[in-house]
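Notes for the one structure printed next.
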Amino acid sequence: MTVMQVDDRHIPPFILSMPIRKLFENPYRTLSPFVKKGMTVLDHGCGPGFYTIPLAYLVGEKGMVYAVDSDRKSIQALEDKLKKKGIKNVETFLSRDLSFIPSSSIDFLLSKDVLCCTVLHKELAKEIERVLKPGGRALVTIRRGRGKDPRGISAEEFFSLFEYIEKRGVSRFSAWVVLNKR
Ligand SMILES: C[S@@+](CC[C@H](N)C(=O)[O-])C[C@H]1O[C@@H](n2cnc3c(N)ncnc32)[C@H](O)[C@@H]1O
């Protein structure tokens, strides 16, 4: 079996939105060290918005959130939530690449458990660094553990794709890097 032929994996939006997730992940605690009012931020592989909505509140009315996912159902679920909550500072994009985002335009980028779901991980690692402003930061995570990456790519291999690593580590469910573009 040639596992590299798997296409992007789409986790059903209802799983990513399950209330039980809040017991294990606190988006505000994760994002607060990076995100300030008025920033332009990008939620890469946003899913149905578990992190997008906290990002929208953290950047405030004068900030902007770009939310990108390659799964139509996830984007639709996110748009429904935005409408229900009256959130106006999020722009959604259905895309599996970031080529439409201008270079050096993003203050903070979150790519939470996405590179381990896509065959485009090498291209996207370059794109993540391209879109950051000088001084801009990114938090990139991949999921750890059995069966999390069907291609068996290690965290070392993923993170060797980045030039601007500020720090890195592992948590209960993820391996992560913080990028800081010089
Ligand atoms: C494990 S989910 C994480 C979703 C979200 N970041 C969260 O933490 O709730 C991975 C997401 O990445 C999306 N995805 C996979 N490949 C992608 C690509 N090439 N471009 C954009 N999104 C992608 C999937 O559709 C899915 O919504």
Side-chain angles (χ1 to χ4, degrees), residues 3-32 34-35 41-59 65-82 85 87 90-101 106 108-132 137-153 155 158 161-162 170-179:
V3 286
M4 287 304 287
Q5 284 177 0
V6 293
D7 203 347
D8 296 349
R9 290 201 300 175
H10 300 302
I11 297 178
F14 77 90
I15 291 184
L16 294 167
S17 298
M18 282 171 125
I20 196 173
R21 196 174 168 194
K22 290 194 177 143
L23 296 178
F24 301 100
E25 286 179 65
N26 179 336
Y28 289 95
R29 198 169 57 208
T30 303
L31 298 169
S32 296
F34 304 105
V35 182
V41 305
L42 197 161
D43 190 359
H44 175 232
C46 56
F50 188 78
Y51 282 85
T52 318
I53 289 167
L55 280 169
Y57 290 135
L58 286 168
V59 299
V65 182
Y66 299 122
V68 182
D69 203 286
S70 54
D71 178 39
R72 192 177 296 276
K73 286 189 183 147
S74 293
I75 291 290
Q76 188 57 60
L78 171 58
E79 285 178 348
D80 291 348
K81 285 184 198 169
L82 295 172
K85 291 176 185 291
I87 295 174
V90 176
E91 198 170 335
T92 58
F93 299 90
L94 180 65
S95 173
R96 67 194 296 255
D97 64 59
L98 297 176
S99 56
F100 59 96
I101 305 281
I106 301 295
F108 172 73
L109 181 150
L110 176 71
S111 179
K112 176 86 178 57
D113 302 344
V114 184
L115 295 189
C116 47
C117 285
T118 174
V119 291
L120 295 177
H121 55 284
K122 290 186 182 153
E123 294 85 344
L124 285 169
K126 283 201 173 60
E127 288 289 274
I128 285 170
E129 293 194 321
R130 178 185 67 77
V131 302
L132 288 180
R137 297 166 91 199
L139 173 63
V140 180
T141 77
I142 56 164
R143 295 196 297 158
R144 297 171 70 206
R146 199 158 36 101
K148 297 303 185 203
D149 185 294
R151 301 153 296 177
I153 301 176
F158 273 115
L161 301 171
F162 293 105
V170 288
S171 60
R172 194 158 21 152
F173 302 115
S174 306
W176 54 266
V177 280
V178 173
L179 309 176

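For this chain, numbers begin at 1 and follow the sequence in order. Indexing begins at 1, ligand by ligand and atom by atom, following the structure's order. Fair warning: this is a prediction, and the values are worked out from it, not measured in the lab.
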Atom indices of ligand 1 within 4.0 angstrom of Asp71 heavy atoms, with elements: 25 (O)

Minimum-distance pair of heavy atoms, taken over all atoms of Pro27 and Pro54: CB-CG, 3.6 Å

Glu127/Arg130 salt bridge by N-O under 4.0 Å criterion: yes

Under 3.5 Å: donor-acceptor pair, side chain of Ser74, backbone of Pro13: no

For Glu129, salt bridge (charged side-chain N to carboxylate O under 4.0 Å, His left out) partners two or more places apart: none

Residues Lys81 and Thr52: side-chain donor-acceptor under 3.5 angstrom: no

Whether Ser95 lies under 4.0 Å from ligand 1, heavy atom: yes

Option nearest atom 6 (N) of ligand 1 (shortest heavy-atom distance, choices Ala77, Gly45, Gly47): Gly45

Value rounded to 0.5 Å, distance of CG in Leu110 from CD1 in Ile128: 9.5 Å

Side-chain heavy-atom pair Phe100, Val68 within 4.5 angstrom cut-off: yes

Residues which pass salt bridge (charged side-chain N to carboxylate O under 4.0 Å, His left out) with Glu79, listed by chain and number, not counting sequence neighbours: none

Enumerated ligand 1 atoms positioned under 4.0 Å from heavy atoms of Thr118: 16 (N), 19 (N)

Contact atoms of ligand 1, heavy-atom distance to Leu124 under 4.0 Å: 19 (N)

Under 3.5 Å: N/O of Lys112 near N/O of ligand 1: yes

Min heavy-atom dist Val119 to ligand 1 below 4.0 Å: no

Arg21 heavy atom under 4.0 Å from ligand 1: yes

Option of least heavy-atom distance to atom 11 (C) of ligand 1 (set: Val68, Asp69, Leu78, Leu120): Asp69

Any N/O pair Asp43/ligand 1 closer than 3.5 Å: no

Sub-4.0 Å atoms of ligand 1 with respect to non-hydrogen atoms of Cys46: 5 (C)

